[in-house]
Amino acid sequence: MLNISGLFDRDSVVSSFLKNSGYMLLATVLVKGSGFVYRAITARRLGTTQYGHLSLGLMLISMGSIVALAGLHSTVRRYLPEYVSEGKEAKIKGILLSLFCIIGAVSAISVAILWVNAEFVASSIFGDRSLVDLVRVFALGIPFAAALQFSQKALLGLQKYKGNAIVRILGRGGVLNVIVAAIALFLGASVFVVSVIYILSIAVAFLIAAVTIAYSVKDRVNTTAPKYDFNRWFKFGIPLLFSSSVGLVLSWSDTFMIGLLQSSADVGKYNTAYPFSMLLTSLIPIFGSVFVPRGSELLSQDRQREVAQLFETIRYTIFLFVAPGVLFILFNSEHLLLVVFGPEYTSVSDVFIIISVANFAVCVTGPTTALLQVFEQSNELLRTNVLGATVNIILNIILIPRYGLPGAAMAYGFSVALISYLLYWQGVRRCGSSDFSQTYFQPLLIAILWVYSASILMEAYEPQLALTVLIGFTTLVGYFGLLSALDIVDFDPLLEI
């Protein structure tokens, strides 16, 4: 039996993390939920072509903000707690003011480049020269998006978790944007109006964050002259820029290549299946955050075998949760796209399946990035991600013209699976073997039986979102209940937190 008390016992680092990070966990759930609702509503109301334009605009903001941030948002998150705990008011003021000004300047340059080249971007990437104004709207959003990300990290650095949660919930793609955009769409708003609402919601969230930061530090830095440590800050931040850029390539290269080689309508269709499937990987960063502090603590005590045991336990736990989800998609891909996004998106059910299988393969390897971070192998992470991104771009160029959207899905699937298994091999090679001996066959068989039965039941009724959610929830309850009844896993320690 798998007893997860090692993860969730009352005195563990994990338990403390969960209890002290309630605001952040709540924000994560709300942000992911609102983001999914936003995509579902906009995809339905705008149609494939205009939703594709919106997806490409979101890609522009992501690319522009990553460049503008230059890894400095992670720098402020890393060093602010140190300066606060040591009472270094001058450096608190220096890091906030200087890095914010640098990000603002780089953002302004990014806006200027996009503004001047808006016609080229509109015709080459969006496939419609008339969308110049839309490109420029998204360009204006880059400074707000970059400033918001920087502010969120600064709030974490100042340990203002409640403020960070509020900003995240209201911010980019958050609840405020969903509510206003939904009202506008039901009143017949165009993609241009929806895009303006998106940018304004980011601006409002940034203003709230900026006021919160100013209020938090005003008594400490008002009369203090700032001090700077640019060498240290950039030495830490610049490598993270490259890592973030590689991650951005993996996240958006297929969207970019589809927009370049196919059409905006195809972009819209692809960007329903892709984010829907990405819900499968949601547990990896959550458990990764749990694993890093605990694994680092064990490693510092020369308890390397226990690091391996903990990693394998987390990997198995992720598998238990994700297995029924991917099977539900495999058996009901077209049905799910129909009830969530509408009939015009059911044509990408094969794309949905390919990406979901790839994401399941990623989940099976566990939080490999976190494992290598425990062993301080950042260079291995960067090299592997660069390899994966290169493979992804090459495969996109080869497969999209020949196979269309399934080709983009295959390119994504192969590259992320390659990265995950290379990282897994590197991580296990360093942490060694463990005493973990759980079987994957029994829970997989139970998941297949339960999900297949649910799929047969769903076929007996007209497709309805509420009924689909109810059947899915009932399937999960039955699946986990049977796992517990057969003594395959013991969830009691989790329930006792």
Side-chain angles (χ1 to χ4, degrees), residues 34-65 110-111 114-115 117-145 148 170-205 251-252 254-276 337 340-348 351 405 408:
S34 61
F36 186 73
V37 170
Y38 179 75
R39 287 184 177 274
I41 293 174
T42 52
R44 278 181 172 271
R45 304 296 296 188
L46 292 175
T48 56
T49 299
Q50 288 197 74
Y51 178 65
H53 293 158
L54 179 64
S55 299
L56 289 168
L58 300 182
M59 179 194 71
L60 286 180
I61 287 186
S62 296
M63 294 174 64
S65 60
S110 300
V111 172
L114 272 176
W115 191 278
N117 296 282
E119 187 173 335
F120 170 79
V121 173
S123 59
S124 300
I125 299 177
F126 284 69
D128 189 342
R129 191 181 296 271
S130 65
L131 296 174
V132 171
D133 290 339
L134 187 64
V135 172
R136 286 174 174 164
V137 166
F138 281 114
L140 291 174
I142 291 174
F144 294 111
L148 177 59
L170 294 177
R172 183 176 174 183
V175 175
L176 177 64
N177 174 56
V178 173
I179 293 173
V180 179
I183 294 172
L185 284 167
F186 282 107
L187 293 175
S190 66
V191 65
F192 183 84
V193 175
V194 172
S195 303
V196 171
I197 292 171
Y198 187 86
I199 304 304
L200 290 177
S201 69
I202 298 176
V204 170
S251 299
W252 289 104
D254 42 6
T255 296
F256 176 82
M257 295 301 294
I258 292 169
L260 195 64
L261 300 174
Q262 301 290 113
S263 67
S264 295
D266 288 329
V267 171
K269 291 177 181 179
Y270 188 85
N271 276 279
T272 55
Y274 176 80
F276 202 166
L337 290 170
V340 175
F341 295 104
E344 61 267 45
Y345 296 97
T346 56
S347 60
V348 292
V351 173
L405 299 188

- Task: Mind running side-chain contact (heavy atoms from CB on, under 4.5 Å) on W115 and L140 for me, showing each step along the way?
- Result: CA-CA 9 Å; W115 191 278; L140 291 174; 4.0 Å; yes
- Item | Check against side-chain contact (heavy atoms from CB on, under 4.5 Å), L54 and F138 | CA-CA 9 Å; L54 179 64; F138 281 114; 3.9 Å; yes
- Working for side-chain contact (heavy atoms from CB on, under 4.5 Å), residues R39 and Y51: CA-CA 9 Å; R39 287 184 177 274; Y51 178 65; 3.1 Å; yes
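Contact record, L46 with A189: CD2-O, 4.2 Å, taken as the closest heavy-atom pair. Here the closest non-hydrogen pair linking A122 and V132 is CB-N, 3.9 Å. Nearest heavy-atom pair across F192 and V137 is CE1-CG2, 3.4 Å. The two residues A43 and T272 have their closest heavy-atom pair at CB-CG2, 3.9 Å. In this structure, S123 and F120 approach most closely via the heavy-atom pair OG-O, 3.2 Å. Residues S55 and N271 share a closest heavy-atom pair of OG-CB, 3.5 Å.
Rounded to the nearest 0.5 angstrom, M63 CE and I61 CD1 are separated by 12.5 Å. One finds the OG1 atom of T42 at 11.5 Å from the CD1 atom of I197 (value rounded to the nearest 0.5 Å). With rounding to the nearest 0.5 Å, the separation of CD1 in I258 from NZ in K269 is 11.5 Å. Here CZ of F341 is found 11.0 Å from CD1 of I41. Values are rounded to the nearest 0.5 Å. The structure places CD1 of I179 at 11.0 Å from OG of S201, a figure rounded to the nearest 0.5 Å. In this structure, CG in L148 is found 7.0 Å from CD1 in I202, a value given to the nearest 0.5 Å.
Taking 4.5 Å as the limit, some side-chain heavy atom of S195 sits within range of a side-chain heavy atom of L134. Counting heavy atoms from C-beta on, the side chains of Y345 and T48 come closer than 4.5 Å. Between Y38 and V194 there is a side-chain heavy-atom pair separated by less than 4.5 Å. Counting heavy atoms from C-beta on, the side chains of L60 and V121 come closer than 4.5 Å.
Judged by distance alone, the side chain of R45 and the main-chain N or O of G188 form no donor-acceptor pair under 3.5 Å.
By the neighbour-count criterion of 12 heavy atoms within 6.0 Å, atom CZ of F276 is densely surrounded, having more than that number from other residues, nucleotides or ligands.
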